[in-house]
Amino acid sequence: MECDLKEKVCRIGICDKNALEIQNGINILNQWLSENREKYPNLRFKIYGFSTGAEVCEYLDDAGNTLQILFQDIKMKKDEGIQTAQEIADKNKKVILVFLTDYIQGNLEGEMWGQNFFCVKRNLHEWMPKIIDYLGHFQKQQERKNFEWEWRQMKKSLPIKNILYCERDMRVTHIYHKNGKERCGFKLSEMEEILNQSREVFCRCHNSFLVNLYHVESIKGNNLYMKDEKIIPISRSHKKETLEKYNIWLRDRSEER
């Protein structure tokens with residue numbers, strides 16, 4: 001099955017208490033990826049090594065970093081093995097966790113636990129293509145393309161990619177899109193969670209504004225300049241987060257090219 005990943009950069013983590021195991025995993029992955037480059041011609045892979053679950057969480061806490069796949073040693077300290085899986089999943093809801101072990105009894109290998117897997121370390125080369133293919137399938141199934149809501153007993157729907165920004169006024173959220181404006185009862189925090197399930201990247205730059213970064217031309221001072229020439233304010237409380245998210249978005253966009 002061909003991988004149908006939507007993201008152009010796939011970030012893979014390997015977490016193991018043994019530094020030699022981390023390097024061995026990186027070597028296996030790099031070798032497999034080099035041998036199968038033609039299968040993923042438009043995809044760039046980045047591989048990161050971690051020695052503890054806490055390091056993974058710290059990485060995910062830093063300026064919106066993400067992982068698409070995390071290979072994690074199942075025999076970590078008692079608070080850094082499977083027990084950290086929920087914390088990691090909470091920080092990065094779309095991460096696929098692959099628990100690595102030296103031995104699996106019965107037919108558990110390759111079995112899914114939620115959206116996660118158990119694999120024997122020595123068989124990493126065998127399971128790597130299957131897991132990457134599953135990542136593509138999972139993202140394709142999970143990706144939201146339309147925002148659907150109800151306003152005054154009328155069902156509404158908009159392609160998320162066409163949404164420019166949202167503005168909250170009193171108890172109404174105004175959705176500005178390529179063809180005009182709609183109204184919605186969702187709070188901006190609810191809108192942000194829903195809209196970021198798509199390929200678009202939405203940023204809360206102000207208590208009253210949620211902006212689609214794909215439609216931002218530039219940031220100057222305390223303002224976002226939209227491609228349609230609209231100017232959106234950046235509040236002091238949201239400026240650091242906005243700049244971090246915008247710079248990450250610019251970096252990822254440059255890596256896609």
Side-chain angles (χ1 to χ4, degrees), residues 4-11 13 43 46 56-57 59-70 86-97 114-115 135-150 156-168 173-178 181-217 219 224 226-227 230 232-235 237-256:
D4 188 27
L5 291 178
K6 296 298 183 183
E7 292 189 286
K8 299 299 183 181
V9 180
C10 181
R11 293 178 172 83
L43 191 62
K46 287 190 173 183
V56 179
C57 293
Y59 167 82
L60 294 174
D61 280 336
D62 186 12
N65 286 336
T66 61
L67 290 170
Q68 279 70 52
I69 304 173
L70 175 64
Q86 186 60 56
E87 183 178 355
I88 292 170
D90 287 343
K91 292 177 183 294
N92 193 164
K93 295 184 184 299
K94 294 184 179 180
V95 68
I96 294 173
L97 289 164
Q115 68 185 51
L135 171 62
H137 174 75
F138 174 75
Q139 289 189 339
K140 185 176 181 181
Q141 294 297 316
Q142 293 295 314
E143 184 179 285
R144 182 186 291 266
K145 295 183 179 179
N146 293 312
F147 174 56
E148 298 176 347
W149 76 103
E150 191 171 296
K156 302 275 188 176
S157 180
L158 269 176
I160 293 177
K161 66 180 181 180
N162 290 343
I163 297 176
L164 309 178
Y165 64 94
C166 303
E167 181 179 6
R168 184 73 173 177
T173 296
H174 300 275
I175 305 171
Y176 292 83
H177 55 93
K178 289 185 176 181
K181 183 175 75 171
E182 296 283 352
R183 288 180 293 177
C184 173
F186 284 111
K187 298 177 181 179
L188 287 186
S189 57
E190 297 170 327
M191 295 284 293
E192 184 176 15
E193 182 176 353
I194 295 171
L195 296 178
N196 275 327
Q197 293 175 17
S198 69
R199 291 187 65 183
E200 310 302 299
V201 180
F202 285 82
C203 177
R204 187 77 175 274
C205 64
H206 190 284
N207 282 343
S208 300
F209 289 94
L210 178 66
V211 175
N212 186 346
L213 293 181
Y214 278 86
H215 297 289
V216 172
E217 183 67 37
I219 292 181
L224 283 168
M226 308 296 290
K227 293 178 181 178
K230 172 73 176 181
I232 306 292
I234 304 173
S235 68
S237 60
H238 287 85
K239 187 167 185 178
K240 181 180 179 181
E241 179 184 354
T242 298
L243 291 175
E244 288 178 347
K245 198 163 188 177
Y246 182 69
N247 287 330
I248 291 172
W249 177 79
L250 286 178
R251 180 197 68 191
D252 289 348
R253 289 287 286 172
S254 65
E255 289 177 347
E256 290 178 7

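In this text the structure is predicted, and so the values were computed from the model without any measurement.
- The line from CD of Glu148 to CD1 of Ile160 is 9.0 Å long, rounded to the nearest 0.5 Å.
- Side-chain atoms of Tyr165 and Leu224, non-hydrogen and from C-beta on, never get closer than 4.5 Å to each other.
- Atom-to-atom distance recorded for Lys187:NZ and Leu210:CG is 15.0 Å, nearest 0.5 angstrom.
- Tyr246 contributes no side-chain N or O that, together with a main-chain N or O of Glu241, makes up a donor-acceptor pair within less than 3.5 Å.
- Panel note: side chain His215, backbone Lys161; a donor-acceptor pair is recorded below 3.5 Å.
- Distance NE2/His174 to SG/Cys184: 10.5 Å, rounded to 0.5 Å.
- Of the possible donor and acceptor atoms, one in the side chain of Lys245 sits under 3.5 Å from a partner among the backbone N and O of Phe202.
- No side-chain heavy atom of Lys156 sits less than 4.5 Å from a side-chain heavy atom of Ile175.
- Environment of NZ in Lys227: crowded, with over 12 heavy atoms of neighbouring residues, nucleotides or ligands closer than 6.0 Å.
- If you take CG on Leu243 and CD1 on Ile248, they are separated by 11.0 Å, rounding to the nearest 0.5 Å.
- Not one N or O on the side chain of Trp149 forms a donor-acceptor pair closer than 3.5 Å with the backbone of Leu158.
- Side-chain N or O atoms of Asn212 include one that pairs as donor or acceptor with a backbone N or O of Tyr214 at under 3.5 Å.
- Contact detail for Cys205 and Pro233: the closest heavy-atom pair is SG-O, 3.5 Å.
- Inter-residue side-chain proximity for Val211 and Met226 is flagged as met; some heavy-atom pair is nearer than 4.5 Å.
- A donor atom on one side chain and an acceptor atom on the other are found under 3.5 Å apart for Arg168 and Thr173.
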Check the pair Val56, Leu67 against side-chain contact (heavy atoms from CB on, under 4.5 Å), reporting the backbone distance first and the verdict last.
CA-CA 9 Å; Val56 179; Leu67 290 170; 4.2 Å; yes
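- Judged by distance alone, with hydrogens and angles left aside, the side-chain atoms of Gln68 form a donor-acceptor pair with the main-chain N or O of Arg11 at under 3.5 Å.
- From Lys145, atom NZ reaches atom OG of Ser157 across 12.5 Å, with rounding to the nearest 0.5 Å.
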Mind running side-chain contact (heavy atoms from CB on, under 4.5 Å) on Glu200 and Leu195 for me, showing each step along the way?
CA-CA 7 Å; Glu200 310 302 299; Leu195 296 178; over 6 Å; no
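- Atom CG of residue Leu188 and atom SG of residue Cys166 lie 6.5 Å apart, to the nearest 0.5 angstrom.
- Note: His206 and Phe209 have perpendicular aromatic rings, judged against thresholds of 30 and 60 degrees for the angle between ring planes.
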